[in-house]
Amino acid sequence: MPKIKTNSSAKKRFKLTGTGKIARKQAFKSHILTKKTKKRKKNLTKTAYVHDADLGNVKRMLVLGK
């Protein structure tokens, strides 16, 4: 049986942490930054984690089991 390929876009966007959580970048930090406050842009820089509802789909794309 052939090996399952990892989704190429997912492996660029997500990272597995030491505790087993899946880290991701925040959205809305790429353009139209002039109208956003410094505080908002600083908070968007921080790493976020994948929500429990989306965890199964992301794990499937990264071939991490069920």
Side-chain angles (χ1 to χ4, degrees):
M1 195 161 161
K3 292 182 180 179
I4 302 170
K5 288 189 178 180
T6 302
N7 185 298
S8 293
S9 61
K11 70 182 172 189
K12 296 169 191 172
R13 287 171 171 81
F14 302 109
K15 186 176 79 169
L16 194 63
T17 64
T19 56
K21 295 179 182 177
I22 299 176
R24 65 172 177 83
K25 291 277 193 178
Q26 294 268 20
F28 308 109
K29 184 80 197 303
S30 58
H31 61 102
I32 314 175
L33 299 172
T34 52
K35 63 176 79 171
K36 295 171 188 161
T37 63
K38 288 179 184 178
K39 180 181 178 181
R40 184 171 163 195
K41 287 185 279 192
K42 183 182 62 164
N43 287 336
L44 287 172
T45 303
K46 297 174 183 172
T47 305
Y49 297 104
V50 174
H51 193 271
D52 293 337
D54 302 317
L55 211 51
N57 287 331
V58 175
K59 281 186 175 180
R60 195 174 301 116
M61 286 191 283
L62 295 173
V63 192
L64 295 174
K66 293 183 180 183

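Owing to the predicted nature of the structure, the values given are computational and were not obtained by experimental measurement.
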Asks: Can you see which heavy atom on Phe28 is nearest to which on Leu33, and at what distance?
Replies: O-CD2, 4.3 Å

Asks: Quick one: closest heavy-atom pair of Lys46 and Gln26, and the distance?
Replies: O-CG, 3.2 Å

Asks: For residues Val50 and Leu16: do they belong to one hydrophobic cluster (side chain heavy atoms under 4.5 Å, members Ile, Leu, Val, Met, Phe, Trp, Tyr)?
Replies: yes

Asks: Say you draw a straight line from CD1 of Ile32 to NZ of Lys36; how long is it, rounded to the nearest 0.5 Å?
Replies: 6.5 Å

Asks: Test of understanding: clusters of I, L, V, M, F, W, Y form through side-chain heavy atoms closer than 4.5 Å, transitively. Do Leu55 and Tyr49 belong to the same one?
Replies: no

Asks: Is there a donor-acceptor pair under 3.5 Å between the side chain of Lys11 and the backbone N or O of Thr6?
Replies: no

Asks: For the CZ atom on Arg24, are there more than 12 heavy atoms of other groups (residues, nucleotides or ligands in this structure) within a distance under 6.0 Å?
Replies: yes

Asks: Can you tell me how far the CZ atom of Arg13 sits from the OG atom of Ser8, to the nearest 0.5 Å?
Replies: 10.5 Å

Asks: Might you confirm whether atom NZ of Lys21 has over 12 heavy atoms from other residues, nucleotides or ligands at distances under 6.0 Å?
Replies: no

Asks: Would you check if Asn7 and Leu62 make a side-chain contact, meaning some heavy-atom pair closer than 4.5 Å?
Replies: no

Asks: Contact between Leu64 and Ile22 at the side-chain level, heavy atoms closer than 4.5 Å - yes or no?
Replies: yes

Asks: Considering residues, nucleotides and ligands other than Lys15, do more than 12 of their heavy atoms fall under 6.0 Å from its NZ?
Replies: no

Asks: For the residue pair Asn43 / Arg40, report whether a side-chain donor-acceptor contact shorter than 3.5 Å exists.
Replies: no

Asks: Can you tell me how far apart NZ (Lys25) and OG1 (Thr45) are? Round to the nearest 0.5 Å.
Replies: 8.0 Å

Asks: If you look at every heavy atom in Thr17 and Ala23, which pair is closest and at what distance?
Replies: CG2-CB, 4.0 Å

Asks: Give me the atom names and distance for the closest heavy-atom approach of Val63 to Lys5.
Replies: CG2-O, 3.6 Å

Asks: Counting only heavy atoms not in Lys41, do more than 12 sit closer than 6.0 Å to its NZ atom?
Replies: yes

